[in-house]
Amino acid sequence: MKARRVVVTGLGVITPIGNSVSDFADALFAGKSGAGRITRFDPCELPTRIACEVKNVSGEFRDVKITFAQLAARQAIRQAFGEGHRFSADARAGMSVGLGLELFSMDDLVASREPGFEEPPAHRDRMTFLNTPSDLCVHLIGREFALNQPPMIHISACAASTDALGAAFEAVRSGRWDVALAGGADSMVNPMGVGGFCRIGAMTTRNDSPETASRPFDRSRDGFVLGEGAGFLVLEDESRARARGAEILARISGYGNSLDAHSVSDPHPEALGAELAMRRALASAGLDPSEISAVNAHGTGTPKNDPIESLGIRKILGERAGSVPVNSTKSMIGHLISAAGAVEAVGVVEAIRRGRWHQTLNLRDVAEGCGLSHVVGAPREIQIKHVLKNSFGFGGQNACVVISAEDA
Amino acid sequence: MLKAIGFGHCVPEGMTLLTVPARRTPEPDLGSCLSDRKAAKFMSKQDKLALVAATQAVRMAGLSEDERRNKTGIYLAVGVLPFEESHLESLYEHSRKDGRFDLHRFSTDAFNAMNPLLTFKCLPNMPVFHISYHLGVHGRYYVTYPGSGQWFDCLRQAGEDLRAGLVNYAVVGAVADQNNLLVEHHLRRTHPAALGKHVDAASALVLTLEPGSRRVFAELSELTSSYEPLDPFEPVAESGQESRLSAEAGVAAPSLEVTLSLEAGLADGWLQQTRDDAGISSSQRVNLRGGSR
């Protein structure tokens, strides 16, 4: 049986630079940074006191990623199917999502040990006291849209939502699902999240210049800027989408993942895992590296990731590494951890549609080992057919998807 | 039909299908599981449990270095996030002021007292790293969370990857680190009856479609799953399901039912059925080939 083609018919995002797809994309192409001093809590003396926070979103949950996920999912479903859509029982509709760590509340821990303390009486409040299970949003969204397929929940750290997108692609391509809501949500902008990343020296300490702190591939980079948000894409079997007259935004055409098996924190020095993930994604898409138009890098701005990822991309593209445009969305929105891949994938779809590849903000002096055809200073006008989108996680979990133009 | 050519588990001493277990699982004996002893310092209890179970299964299956490296995937379900008590106590002591959490103390005293390894030990994807690192596995992978429905989803994903030829062998497991403050807190609000019966446990199977001359311990077939999402803010009704286990093994329970049956050398077949807290109902037929390891 010929494999089905998988198309994108809906997009939704909540990001540090825009809470709709159009605002987000406009800001990307304008080169806008979402970084600023942390406001979700007082970072006091922590070494890093900046982050890319979502603005103008308030929710009913202590764990903001639940609200981010709901809002982004609603946008994506609305674009694909219209307001108030619920799937019928005969549509095999499922959710594939990358999620971050459970929110752990130090306030609650201390309060719980005080004399006379009693846990909240309502079950609803107890479910968010001390720690909030990360999968709550999955089932809330599942109920809202009547999703009827067992969800795929990915927790592969920074690769999670690219894995979610890839797994959803495979579910639709194989015919197991007709429709997938694929994406991710995360926020680690809380004391434990920021403190933990600070403790391992993963984040920038350029607190005085937040907007220039995220510098992927630059010689002066000193770590990532933490971000938060959510992104979702609606994936469908192409024939089903066309039959109902849906607008086709792009296609997902390949997916691969791999394990470095090298280090808890450092990428494989020969970029073995990164290369494997990209090769597997290309094989899944049935494409030759020569057919790749652009690369949206993981591009964290950490000293360790960027040269190794560059090496992996050069191994894949060969001589074309000097001409295939590469960018890092994290230069503007920071590192959304488990939501990073999905939000960046939404940016890729918009880039394909607009025929422009956004710049890597704050890249002025390309670091040794990071030589690629970086887009700097302004967006590059380009006709895009196929894009490699990378996401690499702590613990050497690497994921890559191929995102293609509708007519590619 | 998926064929199990290796299995392993890490459970409380004396735990079999129907005996009452000791509450605590002894510290897993990593012994020969480590390819690099220095890496042990990065491992949480959850990481150790998962590695021991996976290593037993892979060794029983007799996978060569080349087979592990290029033809094996890891599919793992982990439970609700655990947190090591010692780290938690340190954070508590160093960030409390006048009976309240104090951000200034957190950003100074607690931050300086925080062990950098805490970050790596917290991450729920780390069991997959440790299995991949010590067994030399380069994937595919699927790591998911937090209920028993996700173990069945691992089985589903492994089966699809095997049938698609993306891997020839699949290490499919589950790990539940439950004797800690956070998981006990979660059980108290969702399954209070399980408290006191909860155990730390991990289980793993090595599955393949083409066992060749390798011994087959079990065949898994007829996997089905359905989903009717429950309201996560409503209390979970006790399912009343018959469990083959005497202990509460959380996300690892269905996997352990299989591996403990294999350990006991049972030769029967049964339809394994679960419905988890999220509304995922799963079933599969398990046919054991008889004989223990």
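Residue numbers start from 1 in every chain, and the chains themselves are labelled A, B, ... in the order their sequence lines are given, proteins ahead of strands. Keep in mind the model is a prediction, meaning the values are calculated, not measured.
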S.K.: Counting heavy-atom pairs closer than 4.5 Å to chain A, which one of B:Leu135, B:Ile280, B:Leu81 comes out on top?
M.R.: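 Most heavy-atom pairs under 4.5 Å with chain A: B:Leu81.
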S.K.: Would you say the side chain of A:Phe104 lies within less than 4.5 Å of the side chain of B:Leu88, judging by non-hydrogen atoms?
M.R.: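 Yes; the side chains approach each other to less than 4.5 Å.
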S.K.: When you compare the side chain of A:Asp107 with that of B:Arg100, does any pair of heavy atoms fall below 4.5 Å?
M.R.: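 SC-SC contact between B:Arg100 and A:Asp107 ruled out.
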S.K.: Between A:Gly393, A:Ser263, A:Ala111, who has the most heavy-atom pairs with chain B when the cutoff is under 4.5 Å?
M.R.: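 If we count pairs closer than 4.5 Å to chain B, A:Ser263 comes out on top.
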S.K.: Do the rings of B:Phe120 and A:Phe394 sit parallel, tilted or perpendicular, given the 30° and 60° boundaries?
M.R.: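 Aromatic pair B:Phe120/A:Phe394 classed perpendicular.
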S.K.: Could you look at B:Gln150 and say if it's the side chain, the backbone, both or neither that has a heavy atom under 4.5 Å from chain A?
M.R.: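 Side chain only.
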S.K.: Can you tell which part of A:Ala146 gets under 4.5 Å to a heavy atom of chain B, answering side chain, backbone, both or neither?
M.R.: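 Nothing of A:Ala146, per the 4.5 Å heavy-atom cut-off to chain B.
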S.K.: On a heavy-atom basis, which atom in B:Pro116 and which in A:Ile200 lie closest, and how many Å separate them?
M.R.: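 Minimum heavy-atom contact is O-CG2, 3.4 Å.
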S.K.: For the atom pair NE2 (B:His185) and OG (A:Ser112), what is the distance rounded to the nearest 0.5 Å?
M.R.: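 Those atoms lie 8.5 Å apart.
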S.K.: Less than 4.5 Å to any heavy atom of chain B: does that hold for the side chain of A:Asn398, its backbone, both, or neither?
M.R.: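 Only the backbone of A:Asn398 comes within 4.5 Å of chain B.
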S.K.: Under 4.5 Å from any heavy atom of chain B, what part of A:Pro43 do you find: side chain, backbone, both or neither?
M.R.: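 Interface part for A:Pro43: backbone (N, CA, C, O).
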S.K.: Which residues in residues 126-145 of chain A have a heavy atom less than 4.5 Å from any heavy atom of chain B?
M.R.: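 Residues in range: A:Arg126, A:Met127, A:Thr128, A:Phe129, A:Leu130, A:Asn131, A:Pro133, A:Ser134, A:Asp135, A:Leu136, A:Val138, A:His139, A:Leu140, A:Gly142, A:Arg143.
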S.K.: At a heavy-atom separation under 4.5 Å, does A:Leu101 approach chain B through its side chain, its backbone, both, or neither?
M.R.: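 Contact with chain B involves the side chain of A:Leu101 alone.
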S.K.: Side chain, backbone, both or neither: which part of A:Glu45 has a non-hydrogen atom closer than 4.5 Å to chain B?
M.R.: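 Both backbone and side chain of A:Glu45 come within 4.5 Å of chain B.
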S.K.: Side chains of A:Glu102 and B:Val80: closer than 4.5 Å at any heavy-atom pair?
M.R.: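 Touching, per the 4.5 Å side-chain cut-off.
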S.K.: Treating B:Thr119 as the side-chain partner and A:Gly196 as the backbone partner, does any N or O pair qualify as donor plus acceptor under 3.5 Å?
M.R.: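 Such a contact is found between B:Thr119 side chain and A:Gly196 backbone.
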S.K.: Quick one: CG on A:Asp42 to OG on B:Ser107, what's the gap to the nearest 0.5 Å?
M.R.: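 Between atom CG of A:Asp42 and atom OG of B:Ser107 there are 7.5 Å.
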S.K.: Can you name the nearest heavy-atom pair linking A:Leu276 to B:His138, along with the distance?
M.R.: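 Closest approach of A:Leu276 to B:His138, heavy atoms only: CD1-CB, 3.9 Å.
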S.K.: Relative to chain A, which segment of B:Ser225 carries a heavy atom at a distance below 4.5 Å: side chain, backbone, both, or neither?
M.R.: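 Contact with chain A involves both backbone and side-chain atoms of B:Ser225.
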S.K.: So which of B:Gly279, B:Ala39, B:Ala278 has the biggest tally of heavy-atom pairs under 4.5 Å with chain A?
M.R.: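 Of the candidates given, the most pairs with chain A belong to B:Ala278.
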S.K.: Could you give the distance from CZ (A:Phe41) to CZ (B:Phe106), rounded to the nearest 0.5 Å?
M.R.: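 These two atoms lie 7.5 Å from each other.
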S.K.: Just one of B:Val143, B:Val128, B:Leu123, B:Thr144 clears the side-chain contact (heavy atoms from CB on, under 4.5 Å) bar with A:Ser156, so which one?
M.R.: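 Only one option passes, and that is B:Val143.
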S.K.: How about B:Tyr141 and A:His154: do any of their side-chain heavy atoms sit closer than 4.5 Å?
M.R.: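 B:Tyr141 does not reach A:His154 side chain to side chain.
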S.K.: Side chain, backbone, both or neither: which part of B:Leu182 has a non-hydrogen atom closer than 4.5 Å to chain A?
M.R.: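 Both parts, backbone and side chain.
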S.K.: Which one, B:His104, B:Arg69, B:Arg96, B:Arg188, leads in non-hydrogen pairs under 4.5 Å with chain A?
M.R.: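 Highest number of heavy-atom pairs under 4.5 Å: B:His104.
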S.K.: What pair of heavy atoms forms the shortest contact from A:Ile155 to B:Tyr145, and how long is it?
M.R.: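 Closest approach of A:Ile155 to B:Tyr145: CD1-CB, 3.6 Å.
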S.K.: So how far is it from A:Gln149 CD to B:Asp153 CG, rounded to the nearest 0.5 Å?
M.R.: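 Atom-to-atom, A:Gln149:CD and B:Asp153:CG are 10.5 Å apart.
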S.K.: If you count heavy-atom pairs within less than 4.5 Å of chain A, which of B:Leu91, B:Val78, B:Asn115 leads?
M.R.: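 With the most close heavy-atom pairs to chain A, the winner is B:Leu91.
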S.K.: Of all residues at least two apart in sequence or in a different chain, which pass the side chain to side chain contact (heavy atoms under 4.5 Å, CB included) check with A:Thr39?
M.R.: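 Listed in chain order: A:Glu53.
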S.K.: State, to 0.1 Å, how close B:Asn112 and A:Arg199 come at their nearest heavy-atom pair, and which atoms those are.
M.R.: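 That would be O-NH2, 3.5 Å.
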S.K.: Would you find more than 12 non-hydrogen atoms of other residues, nucleotides or ligands less than 6.0 Å from B:Glu65 atom CD?
M.R.: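 It does not: B:Glu65 CD has 12 such atoms or fewer within range.
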S.K.: Please classify the contact of A:Asp260 with chain B as side chain, backbone, both or neither, using a heavy-atom distance under 4.5 Å.
M.R.: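 Interface part for A:Asp260: backbone (N, CA, C, O).
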S.K.: What option among A:Val110, A:Asp108, A:Leu46, A:Leu147 has the most heavy-atom pairs under 4.5 Å with chain B?
M.R.: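 Result: the option with the highest number of such pairs is A:Val110.
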S.K.: Salt bridge or not for A:Arg176 and B:Glu160, using N-O below 4.0 Å?
M.R.: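 A salt bridge links A:Arg176 with B:Glu160.
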S.K.: To the nearest 0.5 Å, how far apart are CZ in B:Phe233 and NE2 in A:His123?
M.R.: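 Rounded to the nearest 0.5 Å, the CZ-NE2 separation comes out at 8.5 Å.
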S.K.: For A:Leu272, is it the side chain, the backbone, both, or neither that has a heavy atom closer than 4.5 Å to a heavy atom of chain B?
M.R.: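 Side chain of A:Leu272 only, per the 4.5 Å heavy-atom cut-off to chain B.
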S.K.: Does any part of the side chain of A:Pro191, heavy atoms only, come nearer than 4.5 Å to the side chain of B:Leu103, both counted from C-beta?
M.R.: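 Answer yes - side chains close enough.
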S.K.: For A:Asp163, is it the side chain, the backbone, both or neither that has a heavy atom under 4.5 Å from a heavy atom of chain B?
M.R.: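 Only the side chain of A:Asp163 comes within 4.5 Å of chain B.
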S.K.: Heavy-atom cut-off 4.5 Å, strictly under: side chain, backbone, both or neither for B:Phe83 against chain A?
M.R.: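 Just its side chain gets close to chain A.
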S.K.: Atom CD of residue position A:Glu119 - does it have more than 12 heavy atoms of other residues, nucleotides or ligands inside 6.0 Å?
M.R.: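 Correct, the count exceeds 12.
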S.K.: Using non-hydrogen atoms only, which part of B:Leu181 is less than 4.5 Å away from chain A: side chain, backbone, both, or neither?
M.R.: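 Contact with chain A is through the side chain of B:Leu181 alone.
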S.K.: Side chain, backbone, both or neither: which part of B:Ile131 has a non-hydrogen atom closer than 4.5 Å to chain A?
M.R.: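 Contact with chain A is absent: no heavy atom of B:Ile131 under 4.5 Å.
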S.K.: When you measure from the side chain of A:Arg124 to the backbone N and O of B:Glu234, does any donor-acceptor pair fall under 3.5 Å?
M.R.: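 Side chain of A:Arg124 to backbone of B:Glu234, a donor-acceptor pair under 3.5 Å: no, none is there.
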S.K.: Please report the closest heavy-atom contact between B:Tyr142 and A:Ile153, naming both atoms and the distance.
M.R.: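 Minimum heavy-atom separation between B:Tyr142 and A:Ile153: OH-N, 3.6 Å.
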S.K.: What are the two closest non-hydrogen atoms of A:Gln397 and B:Phe129, and how far apart are they?
M.R.: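 Here A:Gln397 and B:Phe129 meet closest at NE2-N, 3.7 Å.
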S.K.: Using 4.0 Å as the upper bound for N to carboxylate O, is an ion pair formed by B:Arg140 and A:Glu170?
M.R.: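 Answer for the salt bridge query: yes.
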S.K.: Under a 4.5 Å heavy-atom cut-off, does chain A meet the side chain of B:His186, its backbone, both or neither?
M.R.: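 Just its side chain gets close to chain A.
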